[in-house]
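Chain A is the first sequence line, chain B the second, and so forth, proteins listed ahead of strands; every chain is numbered from 1.
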Number of protein chains: 2
Amino acid sequence: MSKQPHPFAPEPSVRLSPVSYLVMGLIGLRGPSTPYQLKRAAGRSVNYFWPFPHSQLYGEPERLTAAGLLEEEREEGGRHRKVYTLTKAGRAALDSWLISPPGEVFEMRDMAVLQLFFSEFMSREALVALAGDQVRLYRERIAVLEAIALHYSERQGRRRMAPLDLGLRMARTCLDFWQEVADDPPEA
Amino acid sequence: MSKQPHPFAPEPSVRLSPVSYLVMGLIGLRGPSTPYQLKRAAGRSVNYFWPFPHSQLYGEPERLTAAGLLEEEREEGGRHRKVYTLTKAGRAALDSWLISPPGEVFEMRDMAVLQLFFSEFMSREALVALAGDQVRLYRERIAVLEAIALHYSERQGRRRMAPLDLGLRMARTCLDFWQEVADDPPEA
DNA sequence: TTGACATAGTCCGTTTCGTACCGTACTATA
DNA sequence: TATAGTACGGTACGAAACGGACTATGTCAA
């Protein structure tokens, strides 16, 4: 078996990360967009199940442009904004990613749960306080998510709303959990 | 207000990351441990709500030792294993972290949900396939978590088991969600 | 005309990731 | 008692991601 890349291989294979697809996907949904627009759009949606620093929304589209997956257009005027559009190749990459297996189950990171895990070294009161804080935070988050859901539910298709729904369910699961901890703190 | 650090400030303040506390906490729970033991212990517990590459379990304890929070002891023999123990200072750092607010609510990252969000560009069949895969994966994970829970439930205190319980609930929430998607795939 | 504020984008040092790789010990088999 | 296979234990290092401070631009209003 030859290990040489095929001489007519389609793409010089830039490494496409989840954020790459996220960017292409967002542009696919919204049409031509500037990084800042992407940032705002992500903040209300995709950031809830794929967080990342906004600075990536400036670098990543450049890489994708270099790879021929996006097209860049400079805007006139003082603001040197750049508008990115999905190319044929970009759309194709997106489509083929979409039908590829996503792999592992979700990852979560939660400081509060970390503390709970080590809570043997914590007084009962401290534990209750921790749980109480979490209950408050989850109530807030749930309110935010519900507001978003309400605001977008007519405008958006059911598919795009589904992740939000999952986010809500997750948050409610956590809320219930911490509520129980607060009400009946487990002994060490 | 002076911005100078207090001349007798207790620690030269190494930056303590979540993984730092995780390491100290694990050593606190298990007693003196080698990085490899930590790795194995983490794999069955704390990795479910705070994933990280195992290579950090070799570097991090060194940093913490330099900061006086751990103590390092070389083992005899061919294997140059190092056993780490919590110092007084380490225990104090751990305790004070435990009673400090954990901050933001949990973060999750999920490729499958990302794909779902962009599933407008996906056929109904592809969506059903995706959901079916997820259902399978979550069933597996739930089985694993249940096995762990069963295996450790007598040996461990209720507090240490609680995060596992949350993990299970989360997984069940996801399972239900994807099950519904599979059974009744939303239209775009 | 200035100054307060929201908008938009950049930069860059630090952490974290991820994984390929390298020794060491143990076991089974002949 | 060679040897080969495999699990164990650890290291190294380039590539990404992070994240926050900083710059600059537009806008409205006093």
Subject >> Phosphate OP1/OP2 of dT16(C): any Ser17(B) side-chain N/O under 4.0 Å >> reply: yes

Subject >> Atom-to-atom span, CD of Glu60(A) to P of dA16(D) - whole angstrom >> reply: 10 Å

Original post:
Below 4.0 angstrom from OP1 or OP2 of dA16(D), is there any side-chain N or O of Gln56(A)?
Top reply: no

**OP:** Looking at every strand, decide which applies to Ser55(B) at a 4.0 Å heavy-atom threshold: base, sugar-phosphate, or nothing.
**Re:** base

Original post:
For the pair made of NE2 in His54(B) and C1' in dC17(C), what is the distance, rounded to whole Å?
Top reply: 11 Å

Subject >> Residue Glu120(B) excluded, over 12 heavy atoms near CD under 6.0 Å >> reply: yes

**OP:** Rounded off to whole Å, could you give me the CG-to-P distance for the Leu16(A) and dA15(D) pair?
**Re:** 17 Å

Original post:
So, is Tyr58(A) close to the dG9(C) phosphate, meaning a side-chain N or O under 4.0 Å from OP1 or OP2?
Top reply: yes

Original post:
Is Tyr36(A) near enough to dG9(C) that one of its side-chain N or O atoms lies under 4.0 angstrom from OP1 or OP2?
Top reply: no

Original post:
Can you tell me how far P of dG9(C) sits from CG of Leu57(A), to the nearest Å?
Top reply: 11 Å

Original post:
Rounded to the Å, how far apart are Arg63(A) CZ and dA15(D) P?
Top reply: 12 Å

Subject >> N-O pairing of Arg172(A) and Asp176(A) below 4.0 Å >> reply: no

**OP:** May I have the distance from Tyr84(B) (atom OH) to dG9(D) (atom C1'), rounded to whole angstrom?
**Re:** 13 Å

**OP:** Answer yes if the ring centres of Tyr21(B) and Phe118(A) are under 6.0 angstrom apart, and no otherwise.
**Re:** no

Subject >> Distance in angstrom units between Glu62(B) CD and dT16(C) C1', rounded >> reply: 17 Å

Subject >> Arg109(A), nearest nucleotide to its side chain (from dC18(D), dC17(C), dG10(D)) >> reply: dC17(C)

Original post:
Strictly by modelled atom types, are Arg44(A) and Tyr152(A) linked by a side-chain donor-acceptor pair under 3.5 Å?
Top reply: yes

**OP:** Nearest whole angstrom, please: distance from the P of dC8(D) to the CD of Gln37(B).
**Re:** 13 Å

